[in-house]
Amino acid sequence: MELIEETPYRFRVERHGDMRVPGMVFASRALLSSGEAQKPLEQVANVATLPGITEASFAMPDMHWGYGFPIGGVAATDVRRGGVVSPGGVGFDISCGVRLLASDLGRDALRPILEQLMEGLNRSVPHGAGRGAVWKLSGPKEMAALLGEGSRYAVEQGYGTDTDLERCEDYGAVGDAVPEQVSERAVQRGLEQVGSLGSGNHFLEVQVVTDVYDNEAAEAFGLREDQVCVMIHCGSRGLGHQTCTDHVRTIEKRMPRHGLRVPDRQLACAPVDSPEGRAYLGAMAAAANYSRANRQLLQAAASRTFQETTGRSLEMVYDISHNLAKVETHEVDGELRELCVHRKGATRALPPGHLDLPAGLAKVGQPVLVPGSMGTSSYVLTGVPDGAAFHSTCHGAGRQQSRHQAARATRANELRADLLKQGVVVRGASARGLAEEAPAAYKDVSAVVEAAEGGGLCRRVARLAPVGVVKG
DNA sequence: ATGTTC
């Protein structure tokens with residue numbers, strides 16, 4: 001695949017074959033040579049063939065290979081011009097995302113109680129594959145309420161405050177959720193997993209703010225140097241996974257009926273304005289709300305332990321998803337259009353002044369939370385005026401080794417010792433899980449963020465370094 | 001990511 005360098009941080013894939021629009025890759029030469037670039041670039045080109053795709057098939061600097069779409073892919077389809085929705089453009093972990101909490105504790109005060117805090121968090125925050133969660137739902141009826149209301153439902157039940165909801169994307173719940181579109185099997189899988197981290201790259205980290213790049217934005221977000229924070233990264237567990245599986249199956253079956261053909265069956269799609277398309281979006285919104293409630297409950301569990309151990313409270317900074325499709329209005333060619341924006345391993349980055357922002361953030365823009373790999377930095381970014389890719393940016397470091405490669409190349413015990421030497425306490429991780437998540441398996445998150453900023457997608461606000469990790 | 005191959 002030939003890449004044309006338009007700027008040091010933006011590369012173009014010319015239209016070829018059935019591509020309806022070009023590919024636009026935000027990256028650097030160095031990032032493009034880290035890991036396998038050819039396979040995700042082919043996926044960028046494949047996505048460009050989707051009916052109704054507008055402007056370009058975009059990839060963020062943390063791009064890597066995924067199911068159908070690349071992870072780090074952004075694609076917007078025009079709803080009124082035959083635009084499609086594709087579950088592969090959201091991914092299996094629907095509304096997987098990050099919640100950041102901040103305390104008024106400094107790093108020195110934490111040091112003597114860090115071990116005790118990590119022990120407590122390891123006990124109070126359910127993690128790992130399979131069972132164990134903060135809640136066990138009474139049944140499908142309670143599940144329907146949660147799928148409709150997301151974090152709001154958790155807050156109604158006493159797990160948080162209205163102030164928390166103000167700092168959640170969509171004020172804690174995606175609208176137009178259709179709980180009936182979540183299958184019985186998905187509901188069954190989800191009943192005993194609300195309030196659990198899961199496994200893989202999901203984690204809870206205790207972090208310290210090491211750098212502030214933008215004082216005004218950091219202050220609006222409630223962040224300042226040397227502050228102890230807690231970051232939670234998790235998703236919609238088995239319920240989201242099952243929901244994706246179910247709807248991919250239906251949508252794939254109905255494609256001939258709509259006369260739709262795609263270069264890769266993992267790009268199965270349906271017109272947004274079709275029964276299958278609407279059914280998927282309703283189910284996706286419901287699964288997204290499960291993910292939002294999940295993070296609200298984990299916040300409550302972590303806050304309680306943090307309060308007991310340190311005597312301080314944790315305040316909400318923001319909660320943002322990086323796997324979601326949204327129908328949004330954007331100006332294209334001087335005309336307002338209704339677009340279905342798929343962000344898969346990509347984060348919305350609302351600019352200052354956007355109407356969807358709460359009053360406290362209107363002046364500076366929306367916080368973008370970018371978790372790094374284990375033992376490295378995480379970043380807080382914000383949106384910029386005229387942000388490219390429909391106001392989207394990166395979501396993390398991005399894999400450069402497959403799970404299998406990483407597991408083979410890493411000795412878990414050595415990694416654990418190395419992290420401890422760096423001052424990072426790790427709890428809960430299985431040997432296999434730890435090895436798969438080795439920092440060497442990921443791109444350099446600082447290089448990713450530099451490319452995202454250089455490409456005009458966002459700007460940096462703060463950097464955080466981990467001191468403790470709870471993993472599945 | 002995921003009851004890591006319905």
Side-chain angles (χ1 to χ4, degrees), chain A residues 40 43 62-73 86-99 126-133 136-137 182-194 196-204 232-250 252-253 265-266 283-284 287-288 290-292 294-295 298 320-325 342-347 371 373-374 395-408 410 412 428-438 441-442 470-472:
Chain A
Q43 295 188 313
D62 49 339
M63 157 188 90
H64 57 112
W65 181 86
Y67 178 92
F69 282 57
I71 295 166
S86 173
V90 172
F92 279 83
D93 194 358
I94 295 167
S95 200
C96 175
V98 183
R99 183 172 290 223
H127 52 88
R131 293 250 169 98
K136 179 175 167 149
L137 296 185
V182 175
S183 69
E184 201 175 315
R185 192 184 200 175
V187 168
Q188 284 305 320
R189 288 182 68 173
L191 285 175
E192 294 178 31
Q193 293 186 318
V194 201
S196 65
L197 277 178
S199 60
N201 66 356
H202 290 163
F203 64 76
L204 176 145
I232 295 165
H233 177 207
C234 65
S236 47
R237 306 292 328 270
L239 182 140
H241 195 278
Q242 188 66 46
T243 299
C244 181
T245 303
D246 294 337
H247 284 262
V248 163
R249 213 167 278 162
T250 319
E252 191 176 12
K253 241 185 298 182
R265 62 182 293 189
Q266 294 186 350
M284 181 210 70
Y290 184 94
S291 180
R292 312 296 175 89
N294 193 16
R295 289 194 286 276
L298 292 178
I320 184 89
S321 158
H322 46 234
N323 283 0
L324 207 64
H342 302 70
R343 294 186 184 87
K344 179 194 194 177
T347 317
S373 52
M374 186 173 49
H395 87 304
R399 272 198 176 274
Q400 60 178 352
Q401 286 178 353
S402 69
R403 291 183 184 283
H404 185 70
Q405 282 174 320
R408 224 172 19 184
T410 316
S430 67
R432 170 87 192 194
L434 199 66
E436 288 180 350
E437 294 303 316
Y442 285 85
V470 176
K471 285 194 75 70

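First the proteins, then the strands, lettered A, B, ... as listed; each starts at 1. Since we're looking at a predicted model, the values are computed, not measured.
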| message | Without decimals, in angstroms, what is the distance between A:His202 NE2 and B:dT4 P? | response | 16 Å
| message | Using a 4.0 Å heavy-atom cut-off, does A:Gln188 contact any base of the nucleic acid, only the sugar-phosphate backbone, or nothing at all? | response | nothing
| note | Winner on side-chain proximity to A:Gln242, out of B:dC6, B:dG3, B:dT2, is B:dG3
| task | For residues A:His202 and A:Cys96, determine if any side-chain heavy atom of one lies less than 4.5 Å from a side-chain heavy atom of the other. | result | yes
| message | Under 6.0 Å between ring centres: does that hold for A:His322 and A:His233? | response | yes
| request: Record whether the side chain of A:Arg185 comes under 3.5 Å of the base of B:dC6 through a donor-acceptor pair of N or O atoms. | output: yes
| message | Between C1' on B:dT2 and CG on A:Leu197, what's the gap in Å once rounded to a whole number? | response | 15 Å
| request: Quickly work out the A:His127 NE2 to B:dT2 C1' distance and round it to whole Å. | output: 18 Å
| task | Describe the nucleic acid contact of A:Gly238 in one word from base, sugar-phosphate, nothing, applying a heavy-atom distance below 4.0 Å. | result | sugar-phosphate
| task | Examine B:dT2: is either OP1 or OP2 under 4.0 Å from a nitrogen or oxygen in the side chain of A:Ser199? Give yes or no. | result | yes
| remark: A:Glu184 CD to B:dG3 C1', in whole Å, measures 17 Å
| Which pair of heavy atoms, one from A:Asn323 and one from A:Asp93, lies closest together, and at what distance? | ND2-O, 3.0 Å
| said: Using whole Å, what does the distance between atom C1' of nucleotide B:dT2 and atom CD1 of A:Ile71 come to? | reply: 13 Å
| From A:Gln400, A:Glu437, A:Gln401, residue fulfilling side chain to side chain donor-acceptor pair (under 3.5 Å) relative to A:Tyr442 | A:Glu437
| task | Nearest whole angstrom, please: distance from the P of B:dT4 to the OH of A:Tyr67. | result | 17 Å
| task | Please state how far atom CZ in A:Phe92 lies from atom P in B:dG3, giving the value in whole angstrom units. | result | 12 Å
| query | For the side chain to side chain donor-acceptor pair (under 3.5 Å) test, which of A:Ser95, A:Ser236, A:Ser291 pairs with A:Ser321? | reply | A:Ser95
| Please give, in whole Å, the distance from B:dT2 P to A:His404 NE2? | 20 Å
| A:Arg237 side chain near B:dT2 phosphate (N/O to OP1/OP2, under 4.0 Å) | yes
| task | Measure from the side chain of A:Ala129, starting at C-beta and using heavy atoms only, and say which of B:dT2, B:dC6, B:dT4 lies closest. | result | B:dT4
